[in-house]
Amino acid sequence: MAEFKILHSWDVTAEEAIKIQNELRGLVKIENLKKEIHYIAGADISFDKGSNIVYAGIIVLKFPELEEVDRSLVITEVNFPYIPGLLSFRESPALIKAWEKIKVEPDVVVIDGQGIAHPRRFGIASHFGVLIDKPTIGCAKSLLVGKYDEPGEKAGSYSYLYDSGEIIGAVLRTRDNVQPVFVSIGHKITLEESIKIILQNVRGFRIPEPTRQAHNLVNALRRGEIKPGEQRKPEQESLF
DNA sequence: GCGACAG
DNA sequence: ATCTTGTCGC
């Protein structure tokens with residue numbers, strides 16, 4: 001059972017949520033990774049159209065092979081609405097429930113959303129990272145806040161994302177001639193390491209494998225193609 | 001007051 | 001995020 005910290009209630013108003021972000025932002029650590037990466041995870045959420053049912057999932061891949069070694073799926077409900085800047089209060093509760101069931105703890109977690117590239121420098125990747133006390137990287141598909149120059153057209157090129165005179169992330173091209181992704185520090189990592197890791201996890205698609213596979217997983221769960229039941233992929237049969 | 005605005 | 005067919009480009 002992977003552990004996490006309970007630092008506040010999730011049953012809050014938007015005003016209280018902002019207050020919590022301002023109180024917890026100081027806990028985000030920007031530092032070099034302490035250990036080599038052997039396992040990397042991806043986390044994502046899928047929603048039903050007009051209901052408050054959410055499908056959350058976390059997938060753990062062996063690095064650098066990127067083969068699945070663990071998965072955790074959860075179906076629950078949400079009450080907090082989507083409000084730009086407060087995404088964490090809508091999605092984190094479900095992700096925490098999925099995290100509790102993880103057996104193979106990853107060395108870093110990639111989250112679909114911003115890290116410190118946030119108005120209060122506390123996007124979902126940072127918030128979740130502080131709660132599980134693990135290195136996290138924010139990898140979003142679009143901009144929340146900041147300004148940047150368009151990065152080069154080639155895969156691997158990037159430009160920095162600025163806000164109030166500070167670098168808050170990077171705008172990274174993961175494939176030639178495709179829309180870039182927005183990478184930012186979540187927790188316990190540096191921006192340089194975050195960019196490098198995201199690139200090492202790209203396998204021909206714009207979205208890096210951890211979040212891409214997590215996204216596929218929660219969508220399959222929502223469509224009823226798979227069940228939350230069997231948490232882990234079947235063990236390999238022993239050869240003798 | 002007018003835009004911008006992760007998923 | 002989700003609703004959706006065909007279509008443009010590599």
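Below, read A as the first sequence line, B as the second, and so on, with proteins coming before strands; counting in each chain starts at 1.
Checked by atom type, the side-chain pair A:N219/A:S46 shows a donor-acceptor distance below 3.5 Å.
Aromatic ring pairs are classed by plane angle as parallel below 30°, tilted from 30° to 60° and perpendicular above 60°; the pair A:F89 and A:W10 is perpendicular.
Side chain of A:L144, nearest nucleotide from C:dT2, B:dC5, B:dG7: B:dC5. Out of C:dT2, B:dG7, B:dC5, the shortest distance to the side chain of A:H215 is found at C:dT2. Closest to the side chain of A:I124, from the set B:dA6, C:dT2, B:dG7, is B:dA6. Between C:dA1, C:dT2, B:dC5, one nucleotide has an atom nearer to the side chain of A:N219 than all others, and that is C:dT2. In this structure, of C:dC3, B:dC5, B:dG7, it is B:dC5 that holds the atom nearest to the side chain of A:P84. Ranking C:dA1, C:dC3, B:dA6 by closeness to the A:Q114 side chain, first place goes to B:dA6.
Enclosure of atom OH in A:Y158 is not indicated, since only 12 or fewer non-hydrogen atoms of other residues, nucleotides or ligands lie within 6.0 angstrom.
Residue-level contact check: A:G138 touches neither bases nor backbone, having no heavy atom under 4.0 Å from any strand. Among the heavy atoms of the strands, none lies under 4.0 Å from A:L95.
We find that NZ of A:K49 is positioned 6 Å from P of C:dT4, with the value rounded to whole Å. Here C:dT2 presents its P atom at 5 Å from CZ of A:R222, a figure rounded to the nearest Å. We find that CZ of A:R120 is positioned 16 Å from P of B:dC5, with the value rounded to whole Å. For the pair A:L87 CG and B:dA4 P, the computed distance is 21 Å after rounding to whole Å. Rounded to an integer number of Å, the gap from OH of A:Y82 to P of C:dT2 is 13 Å. For the pair A:D163 CG and B:dC5 P, the interatomic distance rounds to 13 Å; values are reported in whole Å. Separating the CD atom of A:Q179 from the C1' atom of C:dC10 is a distance of 16 Å, rounded to the nearest angstrom. In this structure, A:I53 atom CD1 and B:dG7 atom P are separated by 22 Å, rounded to whole Å.
Remark: A:K141 fails to qualify as a cation-pi partner of A:F182 under the 6.0 Å distance and 45° angle criteria applied to the six-membered ring. Remark: A:R212 qualifies as a cation-pi partner of A:F205 under the 6.0 Å distance and 45° angle criteria applied to the six-membered ring.
No aromatic stack links A:F47 and the base of B:dG7, using centre distance under 5.5 Å and interplanar angle under 30°.
For B:dA6, neither phosphate oxygen OP1 nor OP2 lies less than 4.0 angstrom from any side-chain nitrogen or oxygen of A:K141. The side chain of A:S88 places no N or O atom within less than 4.0 Å of a non-bridging phosphate oxygen (OP1 or OP2) of B:dA6. Proximity of A:S142 to the phosphate of B:dC5: no side-chain N or O atom is located under 4.0 Å from OP1 or OP2.
Checking A:D112 against A:N177, the closest nucleotide of DNA chain C that is more toward the 5' end is the one next to A:D112.
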From CA spacing to verdict: side-chain hydrogen bond (donor to acceptor under 3.5 Å, both in side chains), A:K97, A:T76: CA-CA 9 Å; A:K97 287 187 178 181; A:T76 180; 3.3 Å; yes
